[in-house]
Amino acid sequence: NAGVTQTPKFQVLKTGQSMTLQCAQDMNHNSMYWYRQDPGMGLRLIYYSASEGTTDKGEVPNGYNVSRLNKREFSLRLESAAPSQTSVYFCASSVRTPGLAGATGELFFGEGSRLTVL
Amino acid sequence: AQRVTQPEKLLSVFKGAPVELKCNYSYSGSPELFWYVQYSRQRLQLLLRHISRESIKGFTADLNKGETSFHLKKPFAQEEDSAMYYCALSGGASGTYKYIFGTGTRLKVLA
């Protein structure tokens with residue numbers, strides 16, 4: 001069982017280049033998330049998708065776009081990379097059952113993608 | 001505003017000593033609180049959630065709505081507890097799907 005798979009694992013970009021981080025989950029989860037992890041800043045939510053067809057901004061959405069391609073896949077795009085976007089990016093997914101106590105499911109994380117922007 | 005605060009970046013304790021990792025939150029509504037752990041070279045994983053009220057690996061956490069806290073405790077630390085710990089919050093039954101994390105606390109258990 002693969003769980004949450006992210007690609008690529010490592011990437012080096014020059015300022016101004018674009019790239020897309022891919023994420024796929026095989027657990028039939030309805031919600032998916034993109035985070036960035038920086039020293040001293042913890043995990044910050046970039047974008048999330050509550051369900052297929054919907055996306056919403058998180059805490060730090062500027063400079064990023066997302067696409068919820070289908071229930072399995074949630075991609076993160078950097079249109080014009082900046083050095084401030086050097087970080088480790090994590091994709092995560094969960095199942096959520098609205099209307100019930102304990103509705104929020106456990107987050108399952110990918111291994112992370114280390115991005116360096118020069 | 002939805003916010004999670006972990007005041008300690010680093011906590012060092014000796015093996016066998018008690019551990020308390022602090023977490024305070026801000027949320028208008030009934031949130032669900034979680035602790036996640038990241039061991040060296042492993043994926044982030046759920047440690048425990050407030051609604052389960054269970055003890056995992058000897059850790060417990062009680063939700064204190066009056067103090068808006070969800071501190072993680074263990075009576076006797078073990079070396080294998082050394083890791084990065086994150087407190088997280090999300091909306092409950094009718095709340096937001098946003099899943100917010102604190103800045104994390106690195107726990108070092110010394111021999």
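Every chain is numbered from 1, with letters handed out A, B, ... down the list of sequences.
- Contact annotation for A:Leu43: both backbone and side-chain heavy atoms come within less than 4.5 Å of a heavy atom of chain B.
- Side-chain heavy atoms closer than 4.5 Å link hydrophobic residues (I, L, V, M, F, W, Y) into clusters, and following such links, even through other members, never connects B:Phe76 to B:Ile56.
- The number of heavy-atom neighbours closer than 6.0 Å to NZ of B:Lys73, taken from other residues, nucleotides and ligands shown, is 12 or below.
- In this structure, the side chain of B:Tyr36 engages the main chain of A:Leu107 through a donor-acceptor pair within 3.5 Å.
- Heavy atoms from other residues, nucleotides or ligands lying under 6.0 Å from CZ of B:Arg43 number more than 12.
- The environment of CD in B:Glu67 is sparse: at most 12 heavy-atom neighbours from other residues, nucleotides or ligands sit within 6.0 Å.
- Taken from CD in A:Glu59 to CZ in B:Arg3, the straight-line distance is 10.0 Å, to the nearest 0.5 Å.
- In this structure, A:Glu106 CD and B:Leu47 CG are separated by 10.5 Å, a value rounded to the nearest 0.5 Å.
- Considering CD1 of B:Ile100 and OH of A:Tyr35, their distance stands at 6.5 Å, rounded to 0.5 Å.
- Within the model, atoms CZ of A:Phe108 and CG of B:Leu46 stand 8.0 Å from one another, a figure rounded to the nearest 0.5 Å.
- A:Leu45 is not connected to A:Met32 by any chain of hydrophobic side-chain contacts under 4.5 Å among Ile, Leu, Val, Met, Phe, Trp and Tyr, and they are in different clusters.
- Taken from CD in B:Gln42 to CZ in A:Phe109, the straight-line distance is 14.0 Å, to the nearest 0.5 Å.
- Under a hydrophobic clustering in which Ile, Leu, Val, Met, Phe, Trp and Tyr are joined whenever their side-chain heavy atoms come within less than 4.5 Å, directly or via other members, A:Leu21 and A:Val117 fall into the same cluster.
- Residues B:Tyr86 and A:Gln37 have side chains that bring a donor and an acceptor to within less than 3.5 angstrom of each other.
- Contacts with chain B (heavy atom to heavy atom, under 4.5 Å) involve no residue of residues 69-87 of chain A.
- A:Trp34 and B:Val4 fall into different hydrophobic clusters, where Ile, Leu, Val, Met, Phe, Trp and Tyr residues are linked whenever their side-chain heavy atoms come under 4.5 Å apart, directly or through other members.
- For the set B:Gln45, B:Lys9, B:Lys98, the entry with the most heavy-atom pairs within less than 4.5 Å of chain A is B:Lys98.
- A distance of 6.0 Å or more separates the ring centres of B:Tyr99 and A:Tyr48.
- No more than 12 heavy atoms of other residues, nucleotides or ligands lie within 6.0 Å of CZ in B:Arg106, so this atom counts as exposed by the packing criterion.
- A:Ile46 and A:Val88 sit in two unconnected hydrophobic clusters of ILVMFWY residues. Membership requires side-chain heavy atoms under 4.5 Å apart, directly or through other members.
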Worked check of side-chain contact (heavy atoms from CB on, under 4.5 Å) between B:Phe101 and A:Met41
CA-CA 10 Å; B:Phe101 285 76; A:Met41 305 292 285; over 6 Å; no
